[in-house]
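Some notes on the structure that comes next.
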Amino acid sequence: MTKRGMMIGGDDWKLGVDVGGSFTDAVLYNQITGETYKAKVPSTPHDQSEGVLNAINSLRYAKPPAYLLSILIHDFQGSSTTVATNAVLEGKGATVALLVTEGYKDILQVRRSHVPGGLAGWITWPKPEPLAPLELTVEVPGRISSSGEVVRSLDVDLLRTRLAKLKVSDPRPESITISLINSFANATHERQVAEVIRAEFPDLPLSLSVDVLPEIMEYERTITTVANAYVKPVVHRYLANLGARLQDMEVRVLRSDGGLSSANIAKDHCATLLYSGPAGGVAGVVNQVARRTQYKNLLTFDMGGTSTDVCLIENGKLGLRRESTVGDLIIRAPSVDVRTVGAGGGSIASVAEMTGALRVGPESAGAVPGPACYNKGGNMPTVTDAFAVLGYLPSALLGGSFQLDVNAAFKAVEEKIVKPMKLASAVEAAEGIIRIALEKVYGSLRSVSVEKGKDPRDYHLVSFGGAGGLVACELAQLCGVKYPIIIPPSPGVLCAFGDACTGARHEVSTTLIRRLKDVQVTDFEAACKGLEGQVTDVILKQGIKHYDTTFEADLRYRGQATNLPVLFSLSDVLDQGFQSLEKHFEAYHTSLFTFSLDLDVEMVNLRAVAQERMKDIKTQPVERGDGYYGGKKYNDVPIFDRSRLRLGDVLSGPCIVTEPDSTTFISPVHRAEIDDVVNILIWPQTSGSEGVPRNIADSAPEFDPIIVQLVEAGLQNIRVEMDTLIQRVAMSPAMREQLDYFPMIAAGEGRHSGKMVCGQFGSFIPGFLASWDESIEEDDVFLTNDPYSCSNAISHLNDFLVVNPVHYRGKIVAWAANLGHFTDIGSSVPGSMPNGACSIHEDGVQIPLCKLYSKGVPNTAIFKIVERNSRKPDFAKSDLRALVAATKIAARRIIEICERFGTEAYENALDILLLRNKLAVGKIISTTLSPERVQFEDYIDDDGFGVGPWRIACTMWKEPNEREEEVVILDFDGTDPQSDRSINFALSHEMLKMFVVFYLLTVFDPATIVNDGSFELIDVRIPEGTILNPVRPAALSCRTHLLGRLFDVLGAVFGQRTPEFLSAAGYSDSPHFFFSGWNRAGEWFQLYQIGFGGIPSRPHGDGPDGHSMWPSMRSVPNEFLESYLPLRTVPDSGGEGLYRGGNAMRIDYVFLDSGIVSLHDDRWYTKPWGVNGGGVGARSKKTLIRYSVDPLNPPRQVLQSKEDFVHVSAGDALVWVTWGGNGNPLQRDPELVLKEVRRGLVKDPRRYGVCLNATGGVDYPATESLRATMGPPQDALSKDVFNRGGSMRELKERCLEETGLPPPRLPSERVLRGPIAQMPYVSELHGRRRREDSLLYK
């Protein structure tokens, strides 16, 4: 927050305050003389304004000159605060009502269908409550198109009727948000609705999405605007309280983008404050280092009490990003591009019970109880305790006022780390804690630099924060950054200094999606000047007289996901045309990704930014001295007071430099000097070591548990880097939005060759090695999309597998691989997933296992084959580049790990990581699984051509192997013979084993990193010639249904003996929707979209509504679809139980042009089963309404769940409903049922035995009576674990009546053809299934 001078001389003084998780800092700074006063006090989480006042009072107690006491009363220049962030994280914001377009009421409930975590993360993920509850969500009657046209006029009278419920709701709304679909294109309806709201609710704060974020993407715009409304009353109260305590001081607030806002502006733009905490420190580095020294390219490292923040500064300018993550929410607001990791001074170190691995963070001891050495009741070892054990800290902090209990630190480290890990000493454990924490930071520093195409070796490390100086030398060696390392003055309060020195900033933007070649110069100029007028108005209202305005355009290749911000001068564009913009964009694109594309460049967003001009930073003159030289002995490390150091002083490590707010450790291989602006510059002792990463390969022991953890962390960092690169380079929605790709790293040559050590779909390498018998040379890269040529390492032709052997010193030390779904690879059906294919030859182009690169030379013919056989060649070209680039970057990083630790230590670490996983999974198998055989069967409803249901049968038990290890066996005997159509699934044993491992670890130890180490404890038996192990040339393109159904089967077999695993059935599929054709401009359009449904109820709670079971996948924004396709979308049942299954998705697709639709879905015939007395879930259904035939009485056609070549015309609509409970529904809390009725999540409360009275509350006497009546039949239902909603015979008899479609014909009635007809087991199985079906359907 910031204040302007109110008395003579006051304009020269600036006061900045930074509120952190552990401490609150204050800096009083004179812009003319550089005179500075600082204070650091403990934070007060219960009331942050109290900590702010304490810090200001501490400055008074420092007894500055008398005239400053008055300034302290009147001048409050700047502060960053976590008030807004904490309101979101702690769920303590306002009660928000949300107004959305009809059909979009669940937009926050669905949240783009994203579930964080790994493959089985949905089992345990605690879905957060929406910031705006459903019961306070109002649907607005009216609709705007993506081009800004009014599709349906706003019905104000109906809106007022719907708003009436907000006036009687309990609780009443405290803030209101309006976010209508496509408002970025036309704000008319939002403005009209706002007028109604102001008339109906004149006293409530109001947030409009067109004011907060007038940009495309409906969920991001809505959640950002709701977050703004959610924290608005909290921020209002905080600023009002602070203003009252500070009397007549004018307050300004630090924004997330590093600029300041007046209190009045901040109150209306609260979303811009959500990430303001880290921004002050980066602003401080820009002011103190970039603006005052020769060092302009910097990597900042801010290690505080709770977390560590890193940022890249180039040419003295900080970078911004457009999204910030707060908890599980992604808020789209400009913020300094800071990456945060849970590795601060307060991060807790612990030893994993299952694996014995040392972990650091993300849990933090915080300000209370704090580290053990703080002597405030904390007994868990932290990073700060590790510093204390190593002697890096003085006996007291904060200028001697904060005593440390070093003995408590030793005790915590010895009891919690040394003993469990059987280490030699607390010192060894402390060094391990710090090294693991730094490995996390190293990963973040790489991500903030490498993903921008920048090499960390070209940047200087600037270390600050309370703990940053303690590890600056170690981190610099680890990263290999450029010397010198820079420690600015007062590093512990640099954030507050940055707050005091920064200026006001504001920006406004608008979405303007146009190809550059189609943009009219006059329209562009008008848009820029309109934005300039808006941003200037805001700046002038804050009393800012001197400022600069700049423009920025978000550009991308048409069809690409990544927007790149390009600065431009309006006069240059007007003079030179848009070629200048395109030239800057392509240069930027090439710098990031090493290539450009021969595609149209399009504009997405346009932005104007106003920034206050600031005076140069001043520092008081530094006296010259004779220099301090540290001793050479490690047991006699000198400690220096930084305030006594002078220009020209040189310190030889090891030594410690202390100051009231921070401590700096100069390592034995470094020296330090003081520059003329009081920075500490740290250099290597010898110039030959400059810029060289720390290499411990020569000294690494054969087994070092800390190196094991460092290697594991390094592999995870590589995986993140691979993810980031793919998301930025890939063009297809399948990869860029739905994240349908899976990177992996496997062990190289040796006894664990090909075993995955990092990834999530199991290793692709065993299948590759079993199939490839030619040479493998250095710089080779392999490619295939043919499951039959790589032993089912992949499972259908749309999945392209890239494999990169990583050579180091003549040996393959690892395999880096990537699997990604390609939008189109030929075949007769757009999307290349034909339901009607009868062989692999009809699925699409087959690329057998081959070398894409041979000794580094690309096979251009293969690249051309991929592009020529795709209806979307640009997608194919870019996506293949992304997969290859990700494996290459992984290879480089793995080699760096080998160089760091040595090949032997690296390989030993992989062995131990694999062994740990085996021991952890073995322990779970031994203690939780039963040797009794359990069986389960489930079904794929049909093959799209009237044959089904297809049975998947699984029997599970455990037994000892020859080494007396308990092994779990999954036997799929009884699964139907392979289909004549394309639903077959070439299931990799490694993939299925990985599913099992994810299930086991997600429930019992989710923090354990998954790898292939335990695979020998899992025995998979899948008979050849069945739908899970088909024989070539069986078609595979629609294997998705079986892939999803396996999750239901695994949950059922594990859950029968272990209740922790027992989830109901539900959205165990990946419904696919394809729409393609030629638009009226003669351009080909093609949509491939994965639909999402209701996740089943889980052992610990309800299933999320309309979410994805697949890791990290997200739905494609509807506004994006409508902007690029002739399509309009309107998104709108789960089974009853103690825990409710997730509701399905309903989406109405309205076609604006003719085209062809393909459908892939299931669960239309068999019902998603419930467990433990829970009800069944709703079936899926697809209905085509042909308005093109008759607009008033359109014919309705119930479509098959799997169907190709559905021709649609302009005006037609497809109603798409994807598709149960767990536990006795009569045990569900009636008040919870009532709440979900009000939210629209439960339609019939009587299914739960709940009656409502005339006023809409729970009628408890009637409820008690109804539940007593429902009790006996419910008890009878609960005797069976599974409720399928009827026998197979009953489902067949009721099929036509309930679904509108005839029942399918049984697979056992067909005549076997092809290779399987000659296989004895399949012939016997077919006969057995025929006999079983004759009894089942009697």
Side-chain angles (χ1 to χ4, degrees), residues 144 146-148 182-188 190-191 194 207-217 220-221 224-225 228 255-262 265-266 268-269 271-272 320-323 332-335 503-516 518-542 544-556 563-578 580-582 584-585 601-613 1119 1123:
I144 299 286
S146 60
S147 59
N182 294 322
S183 61
F184 72 90
N186 183 344
T188 301
E190 275 202 14
R191 300 291 183 198
S207 295
L208 277 66
S209 75
V210 293
D211 293 334
V212 175
L213 184 68
E215 297 181 6
I216 191 172
M217 297 178 73
E220 286 78 1
R221 188 172 65 255
T224 301
T225 310
N228 191 80
R255 296 159 44 103
S256 304
D257 58 14
L260 297 172
S261 284
S262 69
I265 297 296
D268 290 329
H269 296 83
T272 63
L320 296 181
R321 60 179 174 184
R322 295 291 146 192
E323 292 183 342
R332 181 158 291 187
S335 64
R505 184 183 188 278
H506 195 76
E507 68 173 53
V508 293
S509 63
T510 187
T511 290
L512 189 69
I513 301 178
R514 303 279 193 282
R515 288 183 176 92
L516 283 183
D518 296 334
V519 178
Q520 298 297 316
V521 174
T522 53
D523 294 342
F524 181 79
E525 182 180 13
C528 289
K529 290 187 175 180
L531 293 173
E532 183 179 26
Q534 293 177 53
V535 77
T536 299
D537 182 60
V538 173
I539 283 289
L540 293 177
K541 284 181 179 178
Q542 300 178 73
I544 308 300
K545 297 179 180 179
H546 305 289
Y547 61 91
D548 296 305
T549 303
T550 57
F551 294 101
E552 190 175 82
D554 290 341
L555 304 177
R556 66 184 177 197
N563 300 334
L564 300 184
V566 176
L567 288 169
F568 67 88
S569 162
L570 179 57
S571 60
D572 287 347
V573 173
L574 295 179
D575 292 341
Q576 304 171 27
F578 295 107
S580 61
L581 264 181
E582 187 167 343
H584 288 309
F585 164 76
V601 176
E602 71 177 357
M603 183 184 303
V604 181
N605 299 309
L606 198 58
R607 189 174 298 111
V609 181
Q611 176 76 53
E612 181 182 7
R613 294 179 199 155
E1119 289 180 345
S1123 296

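Residues take their numbers from the sequence shown, with the count starting at 1.
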If I take atom NE2 from residue His584 and atom CG from residue Leu567, how far apart are they, to the nearest 0.5 angstrom?
9.5 Å
Output yes when a side-chain donor or acceptor of Glu552 lies under 3.5 Å from a complementary backbone atom of Leu606, and no otherwise.
no
Any luck finding a side-chain donor-acceptor pair between Thr550 and Gln611 under 3.5 Å?
no
Is there a donor-acceptor contact under 3.5 Å from the side chain of Glu612 to the main chain of Gly503?
no
Pair Glu190-Ile144, side-chain contact (heavy atoms from CB on, under 4.5 Å): steps then yes or no:
CA-CA 10 Å; Glu190 275 202 14; Ile144 299 286; over 6 Å; no
Walk me through whether Tyr547 and Leu540 qualify under side-chain contact (heavy atoms from CB on, under 4.5 Å).
CA-CA 9 Å; Tyr547 61 91; Leu540 293 177; 3.9 Å; yes
Sorted by chain and number, sequence neighbours left out, side chain to side chain donor-acceptor pair (under 3.5 Å) with Arg505 holds for Asp257, Glu507
Lys/Arg-Asp/Glu bridge criterion (N-O < 4.0 Å) met for Glu1119, Arg221:
yes
Heavy-atom pair of closest approach, residues Ala271 and Ala333:
O-CB, 3.7 Å
Closest heavy-atom pair, Ser256 versus Pro334, reported as atoms and distance to 0.1 Å, is CB-O, 3.4 Å
side-chain contact (heavy atoms from CB on, under 4.5 Å) for Arg191 and Asp211? Distances and angles first, verdict last.
CA-CA 10 Å; Arg191 300 291 183 198; Asp211 293 334; 3.0 Å; yes
Leu564 vs Leu555 side-chain heavy atoms within contact, under 4.5 Å:
no
Heavy-atom pair with the smallest gap, counting every atom of Phe568 and Ala553
CE2-N, 3.7 Å
Please set out all donor-acceptor pairs under 3.5 angstrom arising from side-chain atoms of residues 528-537, sequence neighbours excluded.
from   : atom 1 : to     : atom 2 : distance (Å)
Lys529 : NZ     : Glu525 : OE2    : 3.1
Thr536 : OG1    : Glu532 : O      : 2.7
Asp537 : OD2    : Lys541 : NZ     : 3.4

Quick one: does Phe524's side chain get under 4.5 Å of Val573's, heavy atoms only?
yes
Determine whether Ile513 and Ile216 satisfy the following criterion, side-chain contact (heavy atoms from CB on, under 4.5 Å), listing intermediate values before the conclusion.
CA-CA 9 Å; Ile513 301 178; Ile216 191 172; 3.4 Å; yes
If only side-chain N and O atoms count, and only distance matters, is there a donor-acceptor pair under 3.5 Å linking Ser335 with Arg255?
no
Distance from Arg607 atom CZ to Phe551 atom CZ, nearest 0.5 Å?
12.5 Å
So how far is it from Leu581 CG to Met603 CE, rounded to the nearest 0.5 Å?
6.0 Å
How far does CG of Asn228 sit from CG of Leu208, to the nearest 0.5 angstrom?
10.5 Å
Phe585/Phe578 aromatic ring centres below 6.0 Å
no
Smallest heavy-atom separation, Asn186 atom then Thr188 atom, equals OD1-OG1, 2.5 Å
Do the side chains of Val609 and Thr549 get nearer than 4.5 Å, heavy atoms only?
no
Chi angles and distances behind the salt bridge (Lys or Arg N to Asp or Glu O under 4.0 Å) call for Glu602, Arg556:
CA-CA 6 Å; Glu602 71 177 357; Arg556 66 184 177 197; 3.0 Å; yes
In Å, rounded to the nearest 0.5 Å, how long is the span from OG of Ser207 to CG of Leu213?
12.0 Å
Does the side chain of Asp554 come under 3.5 Å of the side chain of Asn563 through a donor N or O and an acceptor N or O?
no
Interatomic spacing from CD in Glu220 to OG1 in Thr225 - rounded to 0.5 Å:
11.0 Å
Is there side-chain contact between Arg613 and Asp548, with at least one heavy-atom pair below 4.5 Å?
yes
How close do Ser209 and Ser183 get, heavy atom to heavy atom, and via which atoms?
OG-OG, 3.2 Å
In terms of side-chain heavy atoms, does Glu215 have a donor or acceptor partner in Ser509 at a distance below 3.5 Å?
yes
